[in-house]
Number of protein chains: 2
Amino acid sequence: MLIGEYEHSLDAKGRLIMPAKLRECLGEKFIITKGLDGCLFGFSQNEWTNFEEKLKTLPLTNKNARDFVRFFLSGATECEIDKQGRFLIASNLRDYAEMEKEVAIIGVGTRIEIWNKEKWKKYNSDENISADEIAENMTMLGI
Amino acid sequence: MLIGEYEHSLDAKGRLIMPAKLRECLGEKFIITKGLDGCLFGFSQNEWTNFEEKLKTLPLTNKNARDFVRFFLSGATECEIDKQGRFLIASNLRDYAEMEKEVAIIGVGTRIEIWNKEKWKKYNSDENISADEIAENMTMLGI
DNA sequence: ATGTTCATATTCACCGATAAGCACTTAGTT
DNA sequence: AACTAAGTGCTTATCGGTGAATATGAACAT
């Protein structure tokens with residue numbers, strides 16, 4: 001289970017340390033893709049192949065399906081963690097998530113998310129997220 | 001699995017570097033053809049025969065199906081990657097996809113797509129791609 | 001408190017992938 | 001034969017990715 005929040009920084013070449021605790025669970029190789037709300041998603045290989053299988057079944061003839069597949073697959077990169085615990089974030093993904101230097105990495109159960117640290121802070125600030133409100137909405141989902 | 005987004009440029013003769021990571025998976029010889037949404041499709045030899053098989057099953061009696069088959073087969077060219085990792089894009093295909101110089105190559109699972117870079121950027125802009133839709137599709141696929 | 005170990009940060013050097021320019025070949029045109 | 005245009009191959013320079021070495025700092029044990 002991927003949990004926790006970590007703050008680290010990119011090195012000059014755009015590499016990032018994967019927090020040791022997440023590393024255990026993600027594995028040496030994993031996949032990052034463009035995510036929602038301006039962050040990046042990171043999936044373990046298992047989660048990802050699952051996802052890929054589903055994407056393969058979508059029809060080429062449906063524009064909506066093409067959009068969806070393009071979004072995730074063109075935005076995906078396989079990452080390998082090096083001996084020093086780092087991995088490279090491809091430059092187009094860095095651009096997409098507007099990452100400069102300071103980065104937040106968070107575990108969200110089945111995936112990790114990588115955020116520009118400032119964006120993550122803003123996202124967590126009151127206007128955006130109130131735990132109470134979230135809780136309200138969850139009852140609707142039957143929890 | 002073909003994934004990722006790469007930006008490169010055509011040389012004076014209309015050749016393009018095939019990104020090393022895609023090369024591994026596509027093979028030395030592959031097929032490009034006219035694609036949907038104004039890009040070119042590129043298939044590994046395996047995927048191409050796959051695709052051909054599907055086209056063959058379409059009913060000749062249906063005008064729409066005939067058009068569809070003609071569109072893909074008439075545009076197809078076999079490409080070979082040279083020692084320097086480049087391949088030539090036939091001029092009729094370059095014209096079709098309105099390629100001048102700057103090009104985006106993306107992996108979409110079973111095929112690659114080659115886009116005029118500007119067109120690709122426009123395609124990816126907010127008006128076109130909606131996060132809500134993506135999120136909706138994600139839940140539908142159970143992610 | 002001190003030393004040890006592990007995780008993270010920073011810097012540097014090297015190598016391979018890519019960009020760009022040029023030369024040569026072949027085929028078609030005049 | 002001379003010219004042009006498209007295609008092919010080679011050479012060089014640059015840049016990004018990769019690995020190694022070292023430094024810093026926190027956690028832990030003695």
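Proteins get letters first, then strands, A, B, ... in listed order; numbering begins at 1 in each.
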Q: Nearest whole angstrom, please: distance from the P of C:dA9 to the CD of A:E7.
A: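 Answer to the nearest Å: 10 Å.
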Q: Can you check whether B:F30 and B:W48 have ring centres sitting under 6.0 Å from each other?
A: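 Here the rings of B:W48 and B:F30 have centres that are no less than 6.0 Å from each other.
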Q: Rounded to the nearest 0.5 Å, how far does CD of A:E47 lie from CD1 of A:I31?
A: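 Between atom CD1 of A:I31 and atom CD of A:E47 there are 11.0 Å.
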Q: Does B:K119, at its NZ atom, have more than 12 non-hydrogen atoms belonging to other residues, nucleotides or ligands within less than 6.0 Å?
A: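 More than 12 heavy atoms, drawn from other residues, nucleotides or ligands, come within 6.0 Å of this atom.
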Q: Under the ring-ring contact (aromatic ring centres under 6.0 Å, His included) test, which residues partner B:F41, sequence neighbours left out?
A: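 In terms of ring-ring contact (aromatic ring centres under 6.0 Å, His included), with neighbours along the sequence ignored, B:F41 is linked to no residue.
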Q: Please check if the number of heavy atoms outside B:K101 that lie under 6.0 Å from its NZ is greater than 12.
A: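 Atom NZ in B:K101 is crowded, with more than 12 foreign heavy atoms closer than 6.0 Å.
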Q: Anything under 3.5 Å between a protein N or O and an N or O of nucleotides 11-15 of chain D, put it in a table, one pair a line.
A:
none

Q: Checking A:Y96 now: which residues fulfil side-chain contact (heavy atoms from CB on, under 4.5 Å) with it, not counting sequence neighbours?
A: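 Testing A:Y96 for side-chain contact (heavy atoms from CB on, under 4.5 Å), a comparison that skips the adjacent residues, returns A:K34, A:L40, A:F71.
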Q: Could you check B:V108 against A:R70 for side-chain contact (heavy atoms from CB on, under 4.5 Å), going step by step and ending with a plain yes or no?
A: CA-CA 6 Å; B:V108 249; A:R70 278 184 189 130; 3.7 Å; yes
Q: Membership question, hydrophobic clusters at under 4.5 Å side-chain separation (ILVMFWY): are A:I32 and B:L2 in the same one?
A: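 They do not share one cluster, since no chain of ILVMFWY contacts under 4.5 Å joins B:L2 to A:I32.
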Q: Scan for salt bridge (charged side-chain N to carboxylate O under 4.0 Å, His left out) pairs involving residues 131-143 of chain B, sequence neighbours excluded, and state none if there are none.
A: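 For residues 131-143 of chain B, and leaving out neighbouring residues, there are no salt bridge (charged side-chain N to carboxylate O under 4.0 Å, His left out) pairs at all.
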Q: Can you tell me how far C1' of D:dG17 sits from CD1 of A:I81, to the nearest Å?
A: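 From A:I81 CD1 to D:dG17 C1': 16 Å.
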Q: Go through residues 91-108 of chain A and report each residue with a non-hydrogen atom lying under 4.0 Å from DNA chain D, sorted by number.
A: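 Under 4.0 Å from DNA chain D: no residue of residues 91-108 of chain A.
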Q: Taking only heavy atoms on the protein side, list every residue of residues 9-33 of chain A lying under 4.0 Å from any atom of DNA chain D, sorted numerically.
A: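 Those residues whose heavy atoms fall under 4.0 Å from DNA chain D, taken from residues 9-33 of chain A in numerical order, are A:K13, A:R15.
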Q: Should A:E113 and A:W115 be marked as a side chain to side chain donor-acceptor pair (under 3.5 Å) after you check the CA-CA gap, both sets of side-chain angles, and the distance that decides it?
A: CA-CA 6 Å; A:E113 293 186 356; A:W115 289 76; 3.0 Å; yes
Q: Please state how far atom NZ in B:K83 lies from atom C1' in C:dA17, giving the value in whole angstrom units.
A: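 After rounding, the reported distance stands at 18 Å.
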Q: Is there a path of hydrophobic side-chain contacts, each under 4.5 Å between heavy atoms of I/L/V/M/F/W/Y residues, joining A:L58 to A:F43?
A: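 Result: yes, single cluster for both.
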Q: Starting at NE2 of B:H8 and ending at P of C:dA20, how long is that distance when rounded to a whole Å?
A: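 Interatomic distance, NE2 of B:H8 to P of C:dA20: 11 Å.
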Q: How long is the line joining CZ of B:F87 and P of C:dT18, in whole Å?
A: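 In whole Å, C:dT18 P lies 12 Å from B:F87 CZ.
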